[in-house]
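See structure below.
Whatever order the structure lists them in is the order used to number ligands and atoms, beginning at 1.
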Amino acid sequence: MPHETPLIATIVAGLGLAFVLGALANRIRLPPLVGYLLAGVLVGPHTPGFVADQSLASELAELGVILLMFGVGLHFSLKDLLSVRAIAIPGAVGQILLATGLGVLLALGLGWSLGGGLVFGLALSVASTVVLLRAMQERRLIETEKGRIAVGWLIVEDLVMILTLVLLPALSPVMGGREVASNEAMAERLAPGFLGVLALTFVKVGAFVALMLLVGRRLIPWLLHVVAHMGSRELFRLAVLAIALGVAFGSAKLFDVSLALGAFFAGMIMSESELSHQAAQDTLPLRDAFSVLFFVGVGMLFNPLSLVDNPLPIIATLLIIMIGKSAGAFLIVLAFRHPVATALTISASLAQIGEFSFILAGLGVQLGLLPEQGRDLILAGALLSIVLNPLAFAVADRARPLIENMRLFGHRREATAVAGGDAAAAADAAVPADPELPRQTQLTDHVVLVGYGRVGGLVGESLKASSQPFLVIEDADLIVARLQAEGIETIVGNAAGADILKAANLGQARQLLVAIPNAFEAGQVVQQARAANPELQIVARAHSDAEVDHLTSLGANIVIMGEREIALAMIEEWKRRNAAPPDTSSAA
Ligand code: AMP
């Protein structure tokens, strides 16, 4: 019975319900995150029916935070940030100031303390990475300039939030909140007064950062290297996970810095080398699972009745997130003389709040700064703004021609580079009718190459050398960026998706080369391609006899089994050596 196994019941109910509602959300084109939060509300104490164990849920959520922040660190790229720093830094800081100001005004209006208002405002000022990346990916914007600016902007926001998480416990007493238990004794003993506590925090964080940069940066890759040599993939993944959790937990215990910061650094250090980056990517499924529990845990805290009881503050919160922040971002981007389209995309993508806001709200309540009502407002604001985020993009799409035609701003029209390279030619055709869909290729009688890794990359070299028109379908961002830089027409995304295949115009293609390793996905590609064009010649890649049968049965004309080709090449080599006369040196 659930009573005897609260941990299992909480995990099962949380993940199970989150899956069902997340899938439903996905069906209606909402981020699954909305479903996870709703699942939390349903298993929470404020709704009837099953109630999961709240303290367990919040501990599981804490694990989710560690892994989320580990992922943020893993994707943190100083290079990307620097390439857009001119706009991202002033933009993010300006927007944070604006949103925090508005938040403080609302908080004061509700009769909270200034400290509570600051936490509230800061929580409203940071957008959700998960939601933003997803929206950008759906609209294939990640590799465009707009995408880079939005992501860089978000990284700056994240950094400010990380700083806030670190400083808040130290500043809390001055702002009228409580001190955290572990800080209390030490602060009294070592450093009386506000500046002392602040200085102490800086010293601790500094010591932690220095230790990570000096020791961690060498130790962690070395450790991974050693484990890699043991030859067990399982152990390797475990090592990555143990390091992520260990660094987060250890840094929290030793240096009093937040779990989030420790995990962020562990991720950042691991992302430095290609090898460990790959390894760390392997742990992402686990991150996904636990971050779902994080969102469920957050949802459990939410009292839906607060929506009905007191709608005005919620409306005001939503207006700050969706209108106040957006208007600010829009004007800032225009002030930096970027096109209207860029300004609109960035405003829309940042018009929501998410995981960081929850983390900040949790800490604010724990420190006695933020009233419970504040946390409920933040949760409601997040839920609503995430649900309404696609609407923000739709409004931005509609508003764009209107604003451009007003010519109030005297800005140049956008001429973004799009997949396929030629930036200038793409100026107006750049916007597909439905921004959710990839753009349809104009090629006919072409070759479609799926996957551009070890196999597809070599095939692509030959195609480039020939005069055969071709396009590539690839879902790894790094590879896509490289292909686009070379001017090769690329469709970004998972080739198994129907929209992606449709955009490749298979009906009029000459040949399809499926060069991806996963036979299950390859099968889906082959099946849909065959349905779209009975004449198409389909060549696919496999790694076992069973896969060869599978792909052939779905309609592939030729299936090449990698291992067989390797064996043949080895036999050839062996024959060549053995057939040669003993004194090869003189024969050659
Ligand atoms: P390799 O195994 O080195 O030939 O790499 C396979 C390549 O195919 C990688 O670059 C992957 O990013 C890419 N890939 C794998 N699955 C898919 C898919 N379903 N859709 C598009 N690209 C894929």
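Annotation: V455 places an N or O atom under 3.5 Å from an N or O atom of ligand 1; distance criterion only. When only interatomic distances are considered, the shortest N/O to N/O separation between G456 and ligand 1 does not fall below 3.5 Å.
Atom numbering of ligand 1 starts at 1 in the shown order; those under 4.0 Å from a heavy atom of G451 are 8 (O), 13 (C). The A476 neighbourhood of ligand 1 comprises atoms 12 (O), with distances under 4.0 Å to a heavy atom of that residue. Applying the 4.0 Å criterion to heavy atoms of N494 picks out, from ligand 1, the atoms 18 (C), 19 (N), 20 (N). Set against the non-hydrogen atoms of A495, the atoms of ligand 1 under 4.0 Å away are 18 (C), 19 (N), 20 (N), 21 (C).
Counting only residues at least two apart or in different chains, salt bridge (Lys or Arg N to Asp or Glu O under 4.0 Å) contacts with residues 30-40 are absent.
Under the 3.5 Å distance criterion, the side-chain polar atoms of Q508 are left unmatched by any main-chain donor or acceptor of L443. A donor-acceptor pair under 3.5 Å is absent between the side-chain atoms of Q527 and the main chain of G555, judged by distance alone.
The shortest contact between atom 6 (C) of ligand 1 and any protein heavy atom is with P517 CD, 3.6 Å. Taking atom 15 (C) of ligand 1 as the reference point, the nearest protein heavy-atom neighbour is I516 CG2, 3.5 Å. At the shortest separation from atom 12 (O) of ligand 1 among protein heavy atoms lies E474 OE2, 2.4 Å. For atom 5 (O) of ligand 1, the nearest protein heavy atom (residue, atom name, distance) is G453 CA, 3.4 Å. Protein heavy atom in closest approach to atom 4 (O) of ligand 1: R541 NH1, 2.8 Å.
Atom CD of Q537 sits in a crowded spot, with more than 12 heavy atoms from other residues, nucleotides or ligands closer than 6.0 Å. Atom CD of E461 is surrounded by more than 12 heavy atoms from other residues, nucleotides or ligands within 6.0 Å.
Taking the six-membered ring for Trp and thresholds of 30 and 60 degrees, F358 and F294 have ring planes inclined between 30 and 60 degrees apart.
A distance of 10.5 Å separates CZ of F336 from CD1 of I149, quoted to the nearest 0.5 Å.
Within the structure, ligand 1 has G493 among the residues with a heavy atom less than 4.0 angstrom away. Residue contacts with ligand 1 include I479, since one of its heavy atoms falls under 4.0 Å from the ligand.
Under 4.0 angstrom from ligand 1, the non-hydrogen atoms of R454 come from both its backbone and its side chain.
The side-chain contact (heavy atoms from CB on, under 4.5 Å) test with V525 singles out one residue from V514, L506, I500, and that residue is V514.
E486 pairs by the salt bridge (charged side-chain N to carboxylate O under 4.0 Å, His left out) definition with K464, not counting sequence neighbours.
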